[in-house]
Amino acid sequence: MSSIIDTVSWLAPDGSAHFQWTEQTDLTGGRLRIIDQRKLPESLVYLDIDSIEDACEAIQTLAVRGAPAIGCAAGLALAAAAGRIAAENTEDFFRRLREYSERLGTSRPTAVNLSWALNRCMNHLEKRQTLPVPELKRELLKEALGILEEDIALCDRIGEYGAGLLHDGMGILTHCNAGALATGGCGTALAPIYAAMRKGMRIKVYADETRPLFQGSRLTAWELQRAGADVTVLCDNMAAQLMREGRIQAVIVGADRIAANGDTANKIGTCGTAILAYYHHIPFYVAAPYSTFDLSLKDGSEIPIEQRDPREVTEFSGKQTAPAGVKVCNPAFDVTPQELIRAFITDRGIIRPPFPDAENRI
Ligand code: MRU
């Protein structure tokens, strides 16, 4: 077993990478090992993925979640499943692979990084159709590892650009988890905070707990605490009060998909937080890599919004918290209109829409 990329070592006390690719000694194929985020913060355990069924289940149940992390996982899971295809010929291999890619691509609808990563892998292979199947499998793995390595670098660049907006003593509110757990590297929204900490700035981070699945309190607080950050958890409905008290100087969130006009889909509750920030004259930033921009969509109304199981709302920790049979809404994401967003912190700099005019930087 070998771990291929060692990154964000604070996540695992034994220094294991967040994403690990492991090859079996009998060469039966590789497998992806990830942190099982469903188990955090109680326990840090890993999950092995070597089939499309495993990968779809891991993505749908949020064992791996966060837009860039879903993309990284999808590429490597496709490579693991492809390694196990016993194909008679190249056509047979491509037929099975396309079927796998389509199944994976529909496992969650909102984060564009999922289809972006799968398309990138498939396009890479389509250009090499004449290669023998074992070579195609190697090429697929190379591309999937390339996506992961690139994501690590993108996060670092977002961190550097974003840190330029921060100053010592600032209070920053974030929503959901857009940190190391949500990417291949050190995060998007949290990357500027980690970079600022490395520069010696004291940043006070406020993490919305993020109902209904608590990615803020379970994941953001967990990883920030492990990194030695000053982190405070609050319920989602407390942000306005903290803003009124002058404790928050900026809001930074991640994104699942950004339309051409800048409208941004992110975890449910993000739009409400942006409205609060606007009212209190607090800058609201979205941090995201180029892979999260979907310039094929004119505006946010075209972004598909995932609707999840009502039990996420009516139950807490296996206990019923609403009357049986009550009607429930459970959209997993909302769209923040671009006019509420001060700027986008990207791997290519701090930008504003219209993006294609922003020196073609996206
Ligand atoms: O449902 P989740 O946990 O996958 O939602 C994640 C988010 O909304 C994140 O903020 C977003 O993916 C950005 S991750 C860098």
Side-chain angles (χ1 to χ4, degrees), residues 8 18-19 34-38 40 58-74 107-117 148 151-152 154-159 162 173-194 207-224 236 251-258 264-274 284-294 300 303-309 312-313 330-336 341 344-347:
V8 268
H18 174 197
F19 283 91
I34 51 163
I35 291 177
D36 187 342
Q37 299 190 35
R38 297 167 299 192
L40 290 173
I59 292 173
Q60 277 158 0
T61 62
L62 311 198
V64 58
R65 31 71 47 213
I70 294 173
C72 294
S107 53
R108 287 193 82 190
T110 304
V112 71
N113 308 61
L114 176 60
S115 54
W116 172 86
L148 175 58
D151 195 58
I152 294 167
L154 296 177
C155 290
D156 287 342
R157 289 212 286 277
I158 289 171
L173 177 71
T174 189
H175 190 73
C176 193
N177 172 261
L181 287 165
T183 63
C186 63
T188 56
L190 298 193
I193 293 166
Y194 290 131
D208 278 345
E209 66 177 353
T210 317
R211 276 282 286 152
L213 295 179
F214 300 97
Q215 289 93 330
S217 53
R218 289 193 307 109
L219 308 176
T220 298
W222 182 83
E223 69 163 84
L224 283 169
D236 300 337
V251 181
I252 312 180
V253 298
D256 285 83
R257 198 186 289 234
I258 302 166
T264 296
N266 191 50
K267 179 52 51 191
I268 192 73
T270 301
C271 179
T273 312
F284 181 94
Y285 299 107
V286 171
Y290 79 95
S291 49
T292 305
F293 286 76
D294 184 352
I303 300 176
I305 299 293
E306 179 183 11
Q307 304 291 325
R308 291 186 62 89
D309 191 328
E312 291 177 354
V313 175
N330 190 15
F333 300 95
D334 60 24
V335 174
T336 300
I341 300 167
F344 293 81
I345 307 167
T346 78
D347 51 288

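Ligands are counted one by one from 1 in listed order, and the atoms in each one are counted from 1 as well.
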Short side-chain to backbone donor-acceptor contact, Thr110 and Pro304, under 3.5 Å |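 Looks like yes, one N/O pair under 3.5 Å.
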Main-chain N/O of Gly254 paired to His175 side chain as donor or acceptor, under 3.5 Å |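 Here the side-chain-to-backbone pair does not exist.
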Heavy-atom side-chain proximity of Gln215 to Thr220 below 4.5 angstrom |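 Heavy-atom side-chain distance check fails, nothing below 4.5 Å.
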Report yes if the side chains of Phe333 and Ile303 come closer than 4.5 Å at any heavy-atom pair, otherwise no.
->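 Sidechains of Ile303 and Phe333: no contact.
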Write none if no such pair exists; otherwise list each N/O atom of ligand 1 with its protein N/O partner under 3.5 Å and the distance.
| unit_1 | atom_1 | unit_2 | atom_2 | d |
| --- | --- | --- | --- | --- |
| ligand 1 | 1 (O) | Arg108 | NH1 | 3.4 |
| ligand 1 | 1 (O) | Arg108 | NH2 | 2.8 |
| ligand 1 | 1 (O) | Lys267 | NZ | 2.7 |
| ligand 1 | 3 (O) | Arg65 | NE | 2.8 |
| ligand 1 | 3 (O) | Arg65 | NH2 | 3.2 |
| ligand 1 | 3 (O) | Gln215 | NE2 | 2.9 |
| ligand 1 | 4 (O) | Gly66 | N | 3.1 |
| ligand 1 | 4 (O) | Arg108 | NH1 | 2.8 |
| ligand 1 | 8 (O) | Asp256 | OD1 | 2.8 |
| ligand 1 | 8 (O) | Asn266 | OD1 | 3.1 |
| ligand 1 | 8 (O) | Lys267 | N | 3.1 |
| ligand 1 | 10 (O) | Asn266 | OD1 | 2.6 |
| ligand 1 | 12 (O) | Ala67 | N | 2.8 |
| ligand 1 | 12 (O) | Asp256 | OD1 | 3.1 |
| ligand 1 | 12 (O) | Asp256 | OD2 | 3.0 |

Could you verify whether a donor N or O on one side chain and an acceptor N or O on the other, from Asn177 and Glu223, lie under 3.5 Å apart?
->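 Result is yes, a qualifying pair exists.
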If every non-hydrogen atom of Asp347 is compared with every non-hydrogen atom of Ile158, which pair is closest and at what distance?
->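 Smallest heavy-atom distance, with atoms named: N-CG1, 3.5 Å.
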